[in-house]
Structures are given as C-alpha cells and as structure tokens.
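Here the structure comes first, spelled out in structure tokens, and everything after it is commentary.
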2 protein chains.
Amino acid sequence: MEIQGLPGRLLAHLGPAIASGELPAGTVLRAEELEAQHGVSRTVVREAVRILESMRMVEPRRRVGITVRPRGDWDVFDPLVIRWRLAGAGRSEQLRSLGSLRVAVEPAAAALAARHASDDDRRELGALAVELTVTARAADLESFLAHDIAFHAAVLRASGNEMFAHLKDTVGAVLTGRTEHHLMPHRPRDYAVQLHREVAEAICAGDPELAERAMRTIVVGALEELDATLTD
Amino acid sequence: MEIQGLPGRLLAHLGPAIASGELPAGTVLRAEELEAQHGVSRTVVREAVRILESMRMVEPRRRVGITVRPRGDWDVFDPLVIRWRLAGAGRSEQLRSLGSLRVAVEPAAAALAARHASDDDRRELGALAVELTVTARAADLESFLAHDIAFHAAVLRASGNEMFAHLKDTVGAVLTGRTEHHLMPHRPRDYAVQLHREVAEAICAGDPELAERAMRTIVVGALEELDATLTD
DNA sequence: GTAGACCCAAAGGTATGACTTATTCAAGCC
DNA sequence: GGCTTGAATAAGTCATACCTTTGGGTCTAC
C-alpha cells in the first residue's frame, strides 16, 4: 500500500509538509537541496517529486525549481493527500469536506446495496449490526470503532459500485480520526446504533428507500456533530 | 496538468495498456525490458513505474518484477485512471460507475449551492442556463456540450465543497465521452434543458430542495439513458 | 529610452555504469 | 519432511556526466 523505500521516506516528509501549509503555495524547492537535506541521491528525489507531481501538489520547471502548487490544484481524492491533510493543519476543513461527501455518497450506496447486495453481504451486515449493538452497550469504543468502519465499508462494497467501494478507506479514516480526536461521545449514542440496525435490516429486506433514509440520518447527524464540535 | 517528458510518454503507453486489460492483473513486467522496448533509460522507467505504483496499478517487487495489480486495487478516483478507462475497454463500466457517482454527488452539490453560492456564482449559472437553451434550440451540439460542462462545473464549484468541485473534470469527461460516442440524441431534449433552467433558478432563489430535486432528475435521467444505450 | 535579438547560466531531464539489498528458489543438510 | 543455507536475480540506490529548456541580463538597433 505505502510507497516503498527511500522515495517513500522522502514523500512522508514532503507530503505532510506541503499538506499542512508548512511549505505554502509558491514555495520553490530545489532538487539539489532536497538531496543534501535528506542525504539521498538524485534518483530518489526525482521519484518522490514525480509522485507529488502526479498528485498535482508540485510543478517542476526548468531554470526555476520545484514549485508548490496551490491547494486548489491538489488531487483531493488521493488517499495520501487525504491522510496527510487529516494528520496536520487543515484537518477540520478536510473532515468537513469528507462529511459532505459522506452525506452524498453513503445514502446512495445504501440504496444500491438494498437492491444489489448478495446474500453474503446481507449476512455480514446483519452480523455487524449485532456487533455494533453489543460493543456500544459495553462502551467498548475501540471495538465499536472497528465494527463501525467494517459496517460502512460493507455497505459501500455491497452497493456494487467500485467507486463507492473505494471510499471505504476514506470513510474509515474519518471515523478513526473522529474517535482519536475525541469528537465522539464516550458511549455511542443509542439512536445512532439503532439507525445502523435499521440500515442493515432495510438492506436485508431489500428496501432501498428505507435504507437510504436511515443512512442519510446517520451521516447528516455525524456531519452536524462535527460542525458543532469543530471550532475552526 | 499532464506528466511531462519521457516518463509521461511511457505512462501514456503503460497506463492505457493496463487499464484496458491488455496487460491483465498478474502480468509481470521487467524494468530492463521496458527500457529496451521504449528505448529509454532506467531513470525514466523507474519514474513512470513509481507513478503507476502510487496509483496502485503495479507493484514492483525485488527478484520478481513489476506486477500488474488487480483492477480492484487501482485508485479509481485518479483522473488519469478514469481517463484511461474511458478511452479503451471498460469504458461502459466506467461510465456506469461515474453515472452512479453523479447521481449521488450532483444533487447534493446543487442543494449546497442553493445555500452557499455567491452572487457571481448565481449570475454565472443563470447565464449558462440561457446559453444552454439557445444552443439546444440551434441543435449546436458542440457549443451545447461546452456549456453543459461549464454548467455542471459551476454547480459543483458553487457548492463550496472542494471535493465536489474537483469532480468537475470527471463529470466533464463523462459528458464529453457521451457526446463523442454518440450516446446523445442529435438534439438535446427539451425537458433536459428545462431541468437545467430549473436548477439554475432554484439555486438563484436559494431553494435547496428544488435544486436538489431538479438536479437529481437530470442525473438519474442521464444514468437511465446510459443504461439503455450501453450494450455491454 | 524602448524594443528586440542574443547569449549565458541555472535548474531540471536523461543516460549509464557500478554497486547494494532484498527475495525467491533450490540444493543440501539434519 | 522440514529446516538451513547459498546463489541467482531483479529491483533499489548512488555518483557522474551530459543534454535541454528557459529566465533573465546584456547588448544592439532604432
């Protein structure tokens, strides 16, 4: 999954530095400097920079240097970009953007899942809903988070749409970030758990409208809590 | 925007070859072969392969070679991947996936736009709706397409959500592909144009529900026409 | 004084050879 | 049979040389 080797290391420095605004748009890096600063060869620097270029975060130009591009140009759907932004400054804005995206996508995915889910999918969703109920009652936040992520991933996958399915890691990152940064109540709210059960039941029963409505209530609620909690 | 130089050329060969299934999952490429086949140096091959790796389309492994990864692993939101898939085999599947994504995102974007659009945004949307009406009446498909793309891009941008805004190129690619491959009626349908006007009016009037409903009708209609037209 | 042609230096882009490291596979050993 | 060991292989890294583009300064002509 991760980029391997030295270019990966370099990327792990440059990416977050750019994403956090530490290296603002317009900053000019020079390949030679990067070599010296990180003690790596030309090859390594070039490969890392190429990757950043493919994410539209930098633009290398002859006789000028490697220019950091404005945030609006970045590939905001790239998993690495999302992770970097969630890690540092700009986390709130990223969480809000992702929140809106979830409001758009997850209800649609739930509706599709109610139509197209396989029997295995339905079984899995049912089981996960049970797990959620149990871990919520036990106030076991860690297990609850794991099952919550698995639940949303299962719905996205069951939708049968590959693009929705690929958002599972992103949604997982949002849920993880929310718990890690204590934006969650100490004990999952009962009505939220109840809504998850409703989604599972609606998908199992093949009721797209109900599945969509219940899922929308979940993600709208999550977005509203987010807005209420984030201060910046 | 494009990756420059020789790595870009190499990418323009390898990417489509993988995306189209010409190089199926599990295919093992060797760096040395790629150098010989394309008459470029290791440097160039490595950079191109690194980019493909960052898109999760290949996985270089020592003592093995550069393995093509299964389609399910690819970064399906990467603009290059989308373009490559739209260009060759798998175009239908890509269009369907994108169609569902539009159904999820664009109505939500329209609703947000009705709340948050600036005065300039509203003016632009009004003007574009007029242009759409005129070019549709004149059956000027080329201009109609351009304005259609601009219209949807404007709605996405006016939503104020950066992630929605970034889907404009993707939506544009879908609309372009639809026209290029003659999946469109020779003359834009009147009711479709009327719906675009409704969206613009609703956003100008600040009516999220109406904007969302009208936009949903548009994209659902587009998806249904797509499903009816695509044979594979 | 301004506009244009021209030239040079600076920075990325490419090529290449030597070397390093990880990993697979198989032969050999217990 | 399972474990160790070793050699072969392909990617990974480094250092160096050279190519190509381009921004900017200079010089010239008007």
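Chain identifiers are assigned alphabetically (A, B, ...) following the order of the sequence lines, protein sequences preceding nucleic acid strands; residue numbering begins at 1 within each chain. Quick caveat, the model's predicted, so the values are computed rather than measured.
- No donor-acceptor contact under 3.5 angstrom links the side chains of Thr67(B) and Glu59(B), judged on distance only.
- Reading DNA chain D from its 5' end, the first and the last nucleotide to sit under 4.0 Å from a heavy atom of chain A are dT13(D) to dG23(D).
- Atoms CG and CG, from Asp75(B) and Leu80(A) in turn, are 8.5 Å apart once rounded to the nearest 0.5 Å.
- Checked against the 6.0 Å centroid threshold, Phe77(B) and His166(A) do not count as a close aromatic pair.
- Formation of a donor-acceptor pair under 3.5 Å by the Arg96(B) side chain with backbone atoms of Gln94(B) is not found in this model.
- We find that Arg50(A) and Glu53(A) are joined by a salt bridge, their nearest charged nitrogen and carboxylate oxygen being less than 4.0 Å apart.
- One side chain, His196(B) or Asp148(B), offers a donor N or O that lies under 3.5 Å from an acceptor on the other.
- In this structure, Arg71(A) places its CZ atom where only 12 or fewer heavy-atom neighbours from other residues, nucleotides or ligands lie under 6.0 Å away.
- Each side chain to side chain donor-acceptor pair (under 3.5 Å) pair with one or both residues in residues 19-30 of chain B, not counting sequence neighbours, appears once here: Arg30(B)-Glu33(B).
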In B/S/- notation (B base, S sugar-phosphate only, - none; protein heavy atoms under 4.0 Å), nucleotides 4-12 of chain C written 5' to 3' is -----BBBB
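- Between the CZ atom of Arg9(B) and the P atom of dG13(C) there is a distance of 15 Å, given to the nearest Å.
- Residue Thr43(B) places no side-chain N or O under 4.0 Å from the OP1 or OP2 atom of dT14(C).
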